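First the structure, then my questions, so here it is.
If you're wondering where the values come from, they're calculated on a predicted model, not measured in any experiment. Every chain is numbered from 1 and lettered A, B, ... according to where its sequence line falls, protein lines coming before strand lines.
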2 protein chains.
Amino acid sequence: MIRDSRLSSVLHGLLHMIGAGEPVTSEQLAQAMATNPVVVRRVMAGLREQGLVHSEKGHGGGWTLTRDPADINLADIYRAVGAPTIVAMGHRSENPGCLVEQAVNDALGDTFREVEALFLKRLGAVTLDALAKDFKRRLAKHKQSLEDQIHAVK
Amino acid sequence: MIRDSRLSSVLHGLLHMIGAGEPVTSEQLAQAMATNPVVVRRVMAGLREQGLVHSEKGHGGGWTLTRDPADINLADIYRAVGAPTIVAMGHRSENPGCLVEQAVNDALGDTFREVEALFLKRLGAVTLDALAKDFKRRLAKHKQSLEDQIHAVK
DNA sequence: CCATCATGTAACATATGAAGTTACATGATA
DNA sequence: TATCATGTAACTTCATATGTTACATGATGG
């Protein structure tokens, strides 16, 4: 089953970076991602390897996006964050000679690949930019709702 | 990601039960599933709740299939073995008010359901009977291969 | 009726991997 | 050259799945 808390976490960080205008430190991202700086670096390292972000040391350093958010999709991020295979089934001993495993894989091998392909295809259809815009829309709505409450009290 | 060792394990057990003709004890299943009797009972309990198997205590007791293997498919087993949701994404704190989560879920909620549906649909297309037959075919072939090797040595 | 066999289940132990933490090295900037 | 920020190794939790022990319950055969 696909239950990725890392993707979600990273998206928090990336959304934070969009519009920041300047490098964002691991310290700052750690707050956005509700974790600590070292974990941030560890996770972001995957994105850097895929060329999605860049890191800079020293004063004024931190993390920046290397591409336009419209050119980054969620599949890119999912892969970068380290998702080996989505679907897999196997015995602990991973016995390749096991005839039961062979029968299962023969019956479902294509299915596994197909499910994975569908998942990545859909992730690929959502850009970071689109997500950011939707997020901003929700944020504005949320603020409006809060203001309305304040006015109602007045 | 879907990485179920339990389904695989259970299939070993069920294939062992098919053709046994009589109740199979947890002790015996434990060997087929490469684990121990208590774990077998724990896992099989899920199948029993779904009405796939029946358990009997005392002398001559053990586990039996309650249905024709042709009427049991892998989706039945997968569900019975305890697969809550296949695809899920969320922060540890599972904050329902989080606007990022909301944006992601809005963008991918349907995808999650679609991927899960595809996976279960494909599992549902494979019956336990079909799997058993394929397994037997492989077993026969394997034996033949071993005999050929013996003859070659002679 | 009682010894035996088998499941049912709680309680505890162990193993595995993810996440968090500490410590320190490296490089960049003022 | 003091400070800031990343890079990374090593270690410590923490959560979860699995394995184990122990004992209760129920069924069967003598």
Side-chain angles (χ1 to χ4, degrees), chain A residues 1-10 12-13 16-17 20 22-49 52-66 81-85 88-94, chain B residues 1-10 12-13 16-17 20 22-49 52-66 81-85 88-94:
Chain A
M1 98 184 234
I2 304 164
R3 184 174 280 278
D4 203 319
S5 68
R6 266 158 73 146
L7 178 55
S8 170
S9 174
V10 162
H12 277 81
H16 192 85
M17 284 168 63
E22 54 183 10
V24 181
T25 67
S26 301
E27 190 75 45
Q28 295 171 305
L29 286 176
Q31 290 201 289
M33 295 164 68
T35 179
N36 71 56
V38 178
V39 173
V40 169
R41 290 183 201 120
R42 210 138 69 187
V43 173
M44 296 298 281
L47 300 191
R48 186 184 48 217
E49 279 167 24
L52 300 180
V53 298
H54 170 76
S55 61
E56 197 74 39
K57 291 179 175 178
H59 278 278
W63 301 88
T64 45
L65 284 171
T66 55
V81 116
T85 43
M89 185 175 315
H91 211 259
R92 270 172 302 280
S93 52
E94 201 58 66
Chain B
M1 99 182 233
I2 304 165
R3 183 174 281 277
D4 202 319
S5 68
R6 264 157 75 144
L7 177 56
S8 171
S9 174
V10 162
H12 277 80
H16 192 85
M17 283 167 65
E22 53 182 12
V24 181
T25 67
S26 301
E27 189 75 45
Q28 294 171 306
L29 286 176
Q31 290 201 287
M33 296 163 70
T35 180
N36 71 55
V38 177
V39 174
V40 169
R41 288 182 203 124
R42 211 138 67 187
V43 174
M44 296 299 281
L47 300 191
R48 185 184 46 216
E49 277 166 26
L52 300 180
V53 298
H54 171 76
S55 61
E56 196 74 38
K57 291 180 175 177
H59 280 276
W63 301 88
T64 45
L65 285 171
T66 55
V81 116
T85 41
M89 185 173 316
H91 211 260
R92 272 171 300 283
S93 49
E94 201 59 66

- Message: Less than 4.5 Å apart, side chain to side chain, heavy atoms only: is that true for A/Thr64 and A/Val24?
- Response: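 No. Closest side-chain heavy atoms not under 4.5 Å.
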- Message: Quick one about A/Trp63 and A/Ser26 (side-chain donor to acceptor, distance below 3.5 Å, no hydrogens or angles considered), yes or no?
- Response: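 The criterion, which ignores hydrogens and geometry beyond distance, is satisfied for A/Trp63 and A/Ser26.
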- Query: Taking atom CG of B/Asn36 and atom CG of B/Leu29, what is their separation to the nearest 0.5 Å?
  - Reply: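 It comes to 12.0 Å.
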- Item | A/Asn36 side chain near C/dG20 phosphate (N/O to OP1/OP2, under 4.0 Å) |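 Answer no for this pair, as no side-chain N or O of A/Asn36 is under 4.0 Å from OP1 or OP2.
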- Heavy-atom contacts, protein to nucleotides 4-10 of chain C, under 4.0 Å, summarised as B (base), S (sugar-phosphate only) or - (none) per nt, yield BBSBBBB
- Item | Interatomic distance where CD belongs to B/Glu22 and P belongs to D/dT28 [whole Å] |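 One finds 15 Å between P of D/dT28 and CD of B/Glu22, rounded.
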- For B/Thr66, which residues count as a side-chain contact (heavy atoms from CB on, under 4.5 Å) partner, sequence neighbours excluded?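 Residues passing side-chain contact (heavy atoms from CB on, under 4.5 Å) with B/Thr66: B/His54.
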- Query: Can A/Val81 and A/Val43 be said to form a side chain to side chain contact (heavy atoms under 4.5 Å, CB included), step by step?
  - Reply: CA-CA 7 Å; A/Val81 116; A/Val43 173; 4.1 Å; yes
